[in-house]
Amino acid sequence: QVQFVESGGGLVQPGGSLRLSCVASGFSLEYYAVGWFRQAPGKEREGVSCMSSSNGDTYYADSVKGRFTISRNNAKNTVYLQMNNLKPEDTAVYYCAAPVRVGVSGMVPPPPTYDYWGQGTQVTVSS
């Protein structure tokens, strides 16, 4: 059974930092591009960042560029998202997913055959 389990979210003040983790079981992340998506209440899901499986190429949405850093530890089958200088508009539920790719309009989520979305982790940025 494939499971993606996200953790590390919480309540943080503007300007603060959080580090999200996503551990996969039943699915080897090292062969796939992995990414983070987020969804705020009343908004569509947004691709935040992803990393390739091969050369470590990364992608960041303009809204998080310079503040967020994605990384992966294939030995631990885990992907991370370091989030610094958080803003209230970063408030959302964050999900990891694989495989992902970058299209002309941003990140493309996995196809239906890879519908392994976890429960996500809530990030709330508020003073």
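- For the atom pair CD1 of Ile70 and CD of Gln82, the computed distance is 12.5 Å after rounding to the nearest 0.5 Å.
- The stretch residues 66-91 participates, sequence neighbours left out, in no ring-ring contact (aromatic ring centres under 6.0 Å, His included) pair at all.
- Pairing each heavy atom of Ala61 with each of Gly47, the nearest pair is CB-O, 3.5 Å.
- From Leu20, atom CG reaches atom OG1 of Thr121 across 6.0 Å, with rounding to the nearest 0.5 Å.
- For residues 38-127, the pairs satisfying disulfide (SG to SG under 2.5 Å) are Cys22-Cys96, with sequence neighbours left out.
- Residues satisfying the side chain to side chain donor-acceptor pair (under 3.5 Å) test with Ser52, not counting sequence neighbours, are Asn55.
- Listed by chain and number, the residues in a side-chain contact (heavy atoms from CB on, under 4.5 Å) with Tyr116 are Val2, Phe4, Phe27, Tyr114 (sequence neighbours excluded).
- A donor-acceptor contact shorter than 3.5 Å is absent between the side chain of Asn74 and the backbone of Asn77.
- Residue pairs meeting the side-chain hydrogen bond (donor to acceptor under 3.5 Å, both in side chains) criterion with at least one partner in residues 19-37, sequence neighbours excluded, do not occur; the list is empty.
- For Lys65, the salt bridge (charged side-chain N to carboxylate O under 4.0 Å, His left out) criterion is met by Asp62, not counting sequence neighbours.
- The nearest pair of heavy atoms linking Leu29 to Val79 is CD1-N, 4.4 Å.
- A donor-acceptor contact shorter than 3.5 Å is absent between the side chain of Thr58 and the backbone of Met51.
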Practice task
Using the side-chain contact (heavy atoms from CB on, under 4.5 Å) rule, take Ser63 and Lys87 through it: C-alpha gap first, then chi angles, then the decisive distance, then the call.
Solution key: CA-CA 10 Å; Ser63 56; Lys87 303 176 180 181; over 6 Å; no
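- Applying the salt bridge (Lys or Arg N to Asp or Glu O under 4.0 Å) rule to pairs touching residues 37-46 yields Arg38-Glu46, Arg38-Asp90, sequence neighbours excluded.
- Listed by chain and residue number, Gln122 satisfy the side chain to side chain donor-acceptor pair (under 3.5 Å) test with Thr124 (two or more places apart in sequence, or in another chain).
- Residues Tyr59, Val93, Tyr95, Val100, Val102, Met107, Trp117 make up the rest of the hydrophobic cluster containing Phe37, defined by ILVMFWY side-chain heavy atoms closer than 4.5 Å, directly or through other members.
- Smallest separation of non-hydrogen atoms from Leu18 and Leu86: N-CD1, 3.9 Å.
- In this structure, Gln3 CD and Gln119 CD are separated by 9.5 Å, a value rounded to the nearest 0.5 Å.
- Contact annotation: the side chain of Pro14 approaches that of Pro88 to within less than 4.5 Å [non-hydrogen atoms, C-beta and beyond].
- Rounding to the nearest 0.5 Å places CG of Leu11 at 8.0 Å from CD of Gln13.
- Partners of Val23 under the side-chain contact (heavy atoms from CB on, under 4.5 Å) rule, at least two apart in sequence or in another chain, are Thr78.
- Residue Gln39 qualifies as enclosed at atom CD: its count of foreign heavy atoms under 6.0 Å is above 12.
- Listed by chain and residue number, Asn84 satisfy the side chain to side chain donor-acceptor pair (under 3.5 Å) test with Ser17 (two or more places apart in sequence, or in another chain).
- Its side chain outside the 4.5 Å cluster rule for every partner, Val108 clusters with none of the Ile, Leu, Val, Met, Phe, Trp and Tyr residues.
- Looking at Thr91 and Val123, their side chains never come closer than 4.5 Å, going by heavy atoms from C-beta outward.
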